[in-house]
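Order of appearance sets the numbers: ligands from 1, and atoms from 1 within every ligand. Along the sequence shown, residues are numbered consecutively beginning with 1.
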Amino acid sequence: MAQYSRVRGSVALLRLTNPPVNALSAAVSRDLERAVRSACADSAVRVLVLRGHGGTFCGGADIRELAGLVDVPFRVGVSSLVALVDAVEAAEKPVVAAIEGVALGGGLELALGCHFRIAHGQARLGLPEVTLGLLPAAGGTQRLPRLVGFPAALELVATGRDVSAEEALALGLVDHVTDGDVEEAAVEFARRVADEPLASRRLSTRPPPRPADLDTLLQVALERAQRRARGALAPVACVQAVRAAATLPFTQGLQLEQELMAALLPSNQARAMQYCFFAQRIVGKWSLPGGANWRNSPARAVSRAAVIGLGTMGRGIAVSLVRAGIPVVAMETDEKQLRVVTAMLEREAAKQRRSPDSYLQLVQFTLERRDLGDADLVVEAVFEDLALKKRLFAELSSSCRPDTLLCSNTSALDVDALAAATRRPELVVGMHFFAPAHVMKLLEVVCGARSSPVAVATAMQLGKRLGKVSVAVANCPGFAGNRMLKPYVEQASFLLEEGATPQQVDAVLEDFGFAMGVFRMSDLSGLDVGWRVREEAGLAGPTVPPGESARRRHGCRYSPLADLLCEHGRLGQKTGRGWYLYEGPGGRAATPDPWLHDFLDQYRRRHGLRPRRIDQQEVLERCLYALANEGFRILEEGVAAGPEDIDTIYVLGYGWPAHRGGPMYHVAAVGLPAVLSRLEHFRRLHPDVPQLRPSALLRHLVAEGSPPISRWRELLKGLRSQL
Ligand SMILES: CCCCCCCC/C=C\C=C\CC(=O)SCCNC(=O)CCNC(=O)[C@H](O)C(C)(C)COP(=O)(O)OP(=O)(O)OC[C@H]1O[C@@H](n2cnc3c(N)ncnc32)[C@H](O)[C@@H]1OP(=O)(O)O
């Protein structure tokens, strides 16, 4: 696990070995500590170099142990890593960390215990514990501020952001960066520093940082943390721990750090966030009904891609491809959009510290379909209109190479209908990106009935290459994410009819942790998007059958409120008015609109609805349980493979707070019998709302004694045919 060998005379090389990411389990930490001690005791050794096996330094403490998934006594597990870092720092001989791949979490804390740090140019360093609901608790919150200064340390610990080797060098986090062999560079470096005094290199002995504007820095960090994840405990604990580095001696700071960790570690929030971590890895292990899966289906190489349509989605997709180094042919008739993409690419290049040309030269703009002929994969991102997309797919099928994959960025339309318009249905898949596509980490890969394993594997792999988490789902209206959104939005509208206000509903959802409530979100996306979909579905506008009552469709309850706002020209932020009022068209600050409240009053009077007082619990339960209930239906139909897929989609694509795990995790945490009973209660009160009828799968799981969520995936394999 931790090999110790002597190389080149007086330099001892220690190799941390625990594939795939050299995680510091309790056993590995103890082993490495022993290796450090025996190297120090070896009179022939003057200096130690510590590196990781297999091209990576260390991915941190073993999350399985922290999450309680592996049976290691809690105190043994956590204290081993603390003891290791302390032993490394206290060593009487210099220890040089040779960092390549990643040094994350406990891995970076270990490097901070070393006296010198050398990094490879491609390495990434960071303390991502906050994303797991934790804080760095092997001294990271106390040592980092003493090394890189208080403001930088506060930002890195509270956000969990990782940095490149170049940025690490600028911050003073590493002493040297090499683009050559990191071990060679570290051994050379080690020989030079072998006789240097170590006192000033032990970060724990350095004086605490004393920023003059401490209170302001802390206040700003707390406000940012609250904005990013309202109600999350870990960012607040991170800020408190880093504060201690400036206000307490090292040992007391360390003590506080460990106390805060002791409170976070068993918390529901940490459990939920660690579930999200593993869920995002589970979803990559996809399989198709015919037996093809991630192991047996190799992806095809994508060395050239094409994007059709450079509207909001197409632009983001093109930028993501270029950022991943993939040359793109971009087809768009509107010159204004070309200028916007060019500006976006220049901004991205600046962010990545690259020259603008290095990005711009990867894009070729065109008006001619024949220029797409050479692409390995085409992503269509034109207007959301099935007839238009079918025509386009038929043309692409004739004009592209016979082996080119044809992908659609549709967010809800029938991928099988698009495939049927081509002569290569097996090479058609949905690639549903989320706006803004160059920022959002989610990709829904929509597998059509005839999509081949190679098409699915290529789309899944491409998503990963673009830095996204790809989730495979089956084809159905709205796929997984948007399909679940429908009952959620509907409940919110029904609540308005019954007496709630948009700001009341939004406040409850935002207190739960959503970045934005349903109405603010809908104003941001534009109310016309859903309006068009409802018109196409015969629910709104001229396509509604004559004589249909305003509040009923197909025998079920319907709320026309959003349609009525659209008819009044209130399309959301873009028109300066929607569910809220904005400063003007394109404005972003939402204020309650007296007009809307009059409008709701009149609407209720017109339809004989007596407004009632609605409490927070009802808002939350009706919105969230209706959404999760649709999630159960998606699972029973096999549209998604397991709860982890749905939860990943909601956390990464829809602003569901990660510290609540995702909708399926949330209802499992609340307790399935309680959720079932509330749905039954709401169903009795609203018998004309089918989305409140508990799904067969929810009933089945309750009947089976509510197995833990970790077992649902396996259970579903055997269940689907019986439901
Ligand atoms: C009484 C109270 C006292 C309190 C004292 C407390 C003292 C505790 C001291 C310190 C605590 C430190 C906390 C930590 O260090 S938490 C861990 C922080 N590290 C991370 O968050 C990094 C997580 N990993 C990643 O970001 C990536 O995996 C990465 C390392 C970048 C590699 O990415 P990639 O190449 O894409 O590979 P995968 O993500 O697919 O991962 C491959 C498999 O490895 C598993 N994995 C990854 N990291 C860990 C880990 N740290 N622990 C365990 N397992 C890990 C991952 O799950 C994949 O496996 P599988 O596919 O089977 O799921």
Side-chain angles (χ1 to χ4, degrees), residues 16 18-29 52 54-70 72-86 99-113 122-144 156-157 159-162 234 237-238 241 254-267 270 273-286 294-295 441 460-461 463-470 644 648 658 710:
L16 169 59
N18 188 15
V21 302
N22 300 326
L24 288 162
S25 63
V28 169
S29 299
T56 203
F57 184 72
C58 174
D62 188 329
I63 303 171
R64 283 170 214 279
E65 284 183 3
L66 293 174
L69 302 175
V70 180
V72 172
F74 170 62
R75 278 175 191 278
V76 174
V78 294
S79 62
S80 316
L81 179 50
V82 177
L84 165 66
V85 177
D86 288 349
I99 300 170
E100 58 186 332
V102 295
L104 295 175
L108 181 56
E109 294 185 287
L110 173 60
L112 289 171
Q122 298 296 315
R124 304 221 47 106
L125 299 87
L127 294 172
E129 284 86 343
V130 69
T131 65
L132 296 166
L134 303 174
L135 53 65
T141 64
Q142 305 306 300
R143 288 193 176 90
L144 189 65
L156 293 180
V157 175
T159 63
R161 179 174 77 86
D162 58 36
C238 285
L254 208 59
Q255 171 80 25
L256 180 75
E257 181 193 81
Q258 298 196 356
E259 283 166 17
L260 290 165
M261 178 68 148
L264 288 178
L265 207 46
S267 69
M273 294 180 90
Q274 289 152 22
Y275 162 83
C276 288
F277 174 84
F278 289 113
Q280 288 169 25
R281 272 124 196 112
I282 288 172
V283 300
K285 299 176 173 119
W286 57 273
W294 63 286
R295 270 190 222 278
K441 281 203 57 163
M460 293 292 286
Q461 176 61 36
K464 186 158 189 193
R465 194 169 156 198
L466 302 186
K468 317 225 173 273
V469 177
S470 313
E644 297 86 356
T648 298
S710 55

Classify the contact between [X] and ligand 1 as side chain, backbone, both or neither, using a heavy-atom distance cut-off of under 4.0 Å.
X: Glu109; answer: side chain
X: Ile63; answer: both
X: Leu66; answer: side chain
X: Arg124; answer: neither
X: Asp62; answer: both
X: Val82; answer: side chain

Go through the steps to decide whether Leu127 and Glu109 satisfy the test side-chain contact (heavy atoms from CB on, under 4.5 Å), and finish with yes or no. CA-CA 8 Å; Leu127 294 172; Glu109 294 185 287; 4.0 Å; yes
Value rounded to 0.5 Å, distance of CG in Leu125 from CG in Leu108: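 Going from CG on Leu125 over to CG on Leu108, the span is 5.5 Å.
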Roughly how far apart are Asp86 CG and Leu81 CG, rounded to 0.5 Å?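 Asp86 CG to Leu81 CG: 9.5 Å, rounded to 0.5 Å.
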If the cut-off is 4.0 Å to any non-hydrogen atom of [X], which atoms of ligand 1 fall inside it?
X: Gly106; value: 14 (C), 15 (O)
X: Ala138; value: 9 (C), 10 (C)
X: Leu81; value: 9 (C), 10 (C)
X: Gly105; value: 15 (O), 18 (C)

For Pro136 and ligand 1, answer yes if some heavy atom of the residue is under 4.0 Å from a ligand atom, otherwise no.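 Flag not set, Pro136 not near ligand 1.
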Close side-chain approach of Val157 to Val130, heavy-atom, < 4.5 Å: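 Val157 does not reach Val130 side chain to side chain.
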